[in-house]
Structure formats: structure tokens, C-alpha cells
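Values below: every heavy atom of this structure, side chains too, minus hydrogens, waters and symmetry copies.
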Amino acid sequence: MTETTKTPENTEIIESAAQDGRRQPPREAHRRSRPRIHRAWLVAAVTFVTIIGGAAFNSLPGLLIDPLHTEFGWSRGEIGLAVSIDMALYGLTAPFAAALMDRFGIRRVVAVALTMVAAGAIASVWMTASWQLMLYWGLLVGLGTGSMAMAFAATVTNRWFVARRGLVTGILTAAGASGQLVFLPLCAWIVDEHGWRPASVTVGLASLVVVPFVWLLMRDHPADVGLAPYGGAYVTKPAPARGAARRALRVLFDAARTGPFWLLAGAFAICGASTNGLIRTHFVPSAHDHHMPITVAASLLAVIGVFDVIGTIFSGWLTDRFDARRLLAVYYALRGIALLFLPMLMAPDVRPPMVFFIVFYGLDWVATVPPTLALCREQYGDDSAIVFGWVLASHQVGAAVVAFLGGVARDVFGSYDVVWYAAGALCAMAALMSLVVRRVPVPGEPAADR
């Protein structure tokens, strides 16, 4: 049989057919599936930048608790409630966002989400009452960031990669920390020099800047450009899944009948409580209580972001090679020990023990994500991205509870010490929960992935 000569005109026709939903034959796709750099890495890079843009807002709450308390007289509990609404919606939106991406495509969902984050951050400049803080920070930003949560990274990884999934998961998870690294020192300086409003506008504009990159460079599925996933065989693009909300709820009800779901969700709730809810929200005001300048405390959080990138990518590499349950148990146990020592490390200046805590906590921050996602994929197969979205919802509910209760504890007890100790004890519980998750070998995956 004579093979068709590949010309620029043919290539345009093939790409047009793929865009229009007409599936090209796998043989022709195979001829197009060997570029020097696979398109999957470009999609991963755009996803990385998008998560950075969406994560910009996460740098703000810990920096603005004291300025908002001073300017408006709102209690730390009220401010913490707005942050907790944001975190809860961030988590609860994630599983529906994963289903919406199946229905409407990644590009549309993410572009709308970035716009919502920008609208909430910029609108907060004109707020005068605490209910507006809850509307802008809680509702708009929570829904927007939730649509770009880790379920977004899981969807991209599952569609575009077969090989290197653990590594890619680690890299995309680290994007949130990279956003913290970029924006925390910048926003701390802006708040210190110019007030909180310019800082809020800055993160809003950062979200808007990313929208063109998503729209022009992101693709929903490898078949859209006639490629096989990286390290896998060509598959046709599935038809849009209708009933996104119904599917998300069905997947939840099915997963909720299994023990591993509750173990993973419970451990991940503690993960959220001990990171986003506690350190990200209350570390800066807690350090400020000990007379540490806000810019210095924010810089320490930025250093956490540096080592978070390293730790998460390394955790992804480890997840491809070792038992994910044991990795999680080690991560949680060490985190709990670190939190028990934190109250003794607080001081007006930065001392070596505090530096050690920051470096360690950075390495451990979201190192839990690659093994947790691997266990979801192992347990729930094609529904794993949505299941992980629900597990992430528990992460954010845990964060929301501690973001609120941490502020209340500060109002009641005059310090955060009791919260640090309680979080350390919870991390020990998460380590035990991770160890008892049963394993399910996945047919067709190499042993390193199991």
C-alpha cells in the first residue's frame, strides 16, 4: 500500500479535522506522535504558569489579617471566616471543575476561573463591610481558585501523560509553591510600603495576564493535535461528558462506599489543616505577635515555597518508585514533630532553628500530593481525577476549619500555641491513616508505578 506523503497542506487538514471532532486513524496519529519535544510538555508548562497565576491570591490572606483588623476593626475570627469560605469553596469546587473540564474543555473552564479570581481580588479594593470580604474573597476567589485546584493538574496529567505521571504531578503541584515564592515577598513589600489595596490589585492583574496563554496554547486532549499521550498509545478524544454535576456526585457516592476514600480524605484534611489553614494563614500574624517584622515573616514563607518546589518534585520521583502509603506516613509524622517544636522557635529575629523548621516544612509542604494522587489513581481508575477532587475538598475543608479556629484561638487565648500543638497531634493520626490504606495493583502499569 502506498503511504500518503506528508505535506504542510496535509498537516493543516489533519489538524483541522481533529479540531472539528473528526478522529484521525491511529496509524496516521502514530506518524505525528514523535516530535522532538512532545506537545504534552508544552501543555504541562502552560498548566504550571496558570497555577502560578491562580495561586497569586493565596499569598495575600496571611499578610492582610493585621492591616484589615487595624483599618476596619474586624476581629481576626471574622477575617479568618472569609479565608475559610475561600478555602472550603476551593476544595468543594474542585470535583465539579474536573467534571466541567470533561464537558466544556480545560481552556474554557480555566479562562473563566482566572477571570473570577481577578474580579474578586480587584473588587475587594472598594469593600467597607466584612460581608463584602466574604463575598469577594470567599465566594468569587474561592470558586475561581477551586476550578484551578489540584484536580486541574490531575486532569492534565491523566490526559497527556502515561509515563512520568508522578514526576509531572510533582512539578504541577509545585506550581502553587512557585506562586507563593514569587508573590509573597512582592506583596509583603507592597503592603508594608503602599498598603493592602495595591497588593490586592497586583494579584488580580496577575490572574488576568495568564488568560491569553491558556486560550492560545492549552489544548484539551492529545487527540486535538493528533498525538498520543506522552509514553502511551494514541486514543481518540472521548465525546463531551454531559451531566457534569451529576457525574461528580455519582463518583462521590461510589467512592464513599469504600474505606480507602475515607482514609485518604481524612488524612488529606489534616494535610490542609496543617498547611494552608495554619501556616499559610496564621504564621505571619503569629510571628508578628513575637515582634518579627511582617516582611521578614513573609520572606520565611517564601523560603518555604522554594523548598516546596524541590520537595514536591522529589516526592513525585519517589512516588514512581516506592509505596505511596509509606511515603505519606513518613511525611505526616515528620510534619507533626516539626509543629510541636514551632512555638519554641518564635522570636523577634530569625535564628538557626527557625531556618531549619522553614527548610524542613517547605520540603514536606505538599509532598503529600503525588502519593495521594497515585493512590486515587490506583483505587479509582478513570474516575481518579474527580475522586481526587473530592479528596482535595476534604483538604480544603480541613484548611478552612483551622483558618477560622486559628483566628478564634488567637482572639480567645492571645496566642497561637494551642493550635500548633493540636495540629501536631493530628498529623500523627494522618500518618496512621495512610498506612492502613489497602493497595490495588493496576493492570498494565509498570511495577514502579505500583
Side-chain angles (χ1 to χ4, degrees), residues 45-64 67-68 79 82-94 96-97 100-101 104-153 156 172 175-191 194-218 276 280-281 298 305 396:
V46 175
T47 304
F48 187 90
V49 173
T50 301
I51 294 173
I52 288 178
F57 179 83
N58 292 331
S59 305
L60 275 184
L63 301 177
L64 301 191
L68 292 176
I79 300 169
V83 177
S84 72
I85 293 172
D86 164 55
M87 290 182 174
L89 285 177
Y90 176 96
L92 294 171
T93 301
F96 295 99
L100 286 172
M101 288 176 190
F104 297 106
I106 296 174
R107 285 196 302 174
R108 293 178 182 175
V109 172
V110 173
V112 171
L114 286 166
T115 304
M116 292 179 69
V117 173
I122 294 172
S124 66
V125 170
W126 293 283
M127 66 186 176
T128 57
S130 59
W131 69 265
Q132 294 170 324
L133 178 69
M134 295 172 193
L135 173 63
Y136 301 144
W137 279 21
L139 183 63
L140 286 178
V141 175
L143 291 174
T145 54
S147 299
M148 296 177 294
M150 296 174 194
F152 169 39
V156 170
L172 296 183
S178 300
Q180 176 177 299
L181 170 63
V182 171
F183 288 100
L184 253 176
L186 173 62
C187 290
W189 176 82
I190 294 173
V191 170
H194 304 287
W196 66 269
R197 288 179 176 83
S200 190
V201 171
T202 298
V203 299
L205 294 178
S207 297
L208 284 179
V209 165
V210 182
V211 174
F213 290 94
V214 172
W215 197 256
L216 295 175
L217 300 177
M218 178 66 72
N276 292 349
R280 178 171 286 166
T281 305
Q396 293 307 113

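- Note that CD1 of I79 is 5.0 Å distant from CG of L68, once rounded to the nearest 0.5 Å.
- Between the CD atom in Q132 and the CG atom in L139 there is a gap of 13.5 Å [rounded to 0.5 Å].
- Using a 4.5 Å heavy-atom threshold, the side chains of F213 and L114 count as separate.
- Side chain of T281 to backbone of N276: a donor-acceptor contact under 3.5 angstrom is found.
- The nearest pair of heavy atoms linking A113 to G144 is CB-O, 3.3 Å.
- For the pair H194 and T202, the minimum side-chain heavy-atom distance is 4.5 Å or more.
- Under a 3.5 Å cut-off, the side chain of S200 and the backbone N or O of R197 do not form any donor-acceptor pair.
- Shown here for V117 and S207, the closest heavy-atom pair between the two residues is CG1-OG, 3.4 Å.
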*Hey, mind stepping through F104 and V112 against side chain to side chain contact (heavy atoms under 4.5 Å, CB included) and telling me if it holds?*
CA-CA 11 Å; F104 297 106; V112 171; over 6 Å; no

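- Contact detail for S124 and W196: the closest heavy-atom pair is O-CH2, 3.3 Å.
- Of all heavy-atom pairs between R107 and M218, the closest is CD-O, 2.9 Å.
- Here the closest heavy-atom approach between residue A121 and residue V203 is recorded as CB-CG2, 3.9 Å.
- For the side-chain contact (heavy atoms from CB on, under 4.5 Å) criterion with V141, the lone passing option out of L89, D86, I85, L135 is D86.
- Closest heavy-atom contact between G120 and Y136: O-CB, 3.5 Å.
- R108 places a side-chain heavy atom less than 4.5 Å from the side chain of W215.
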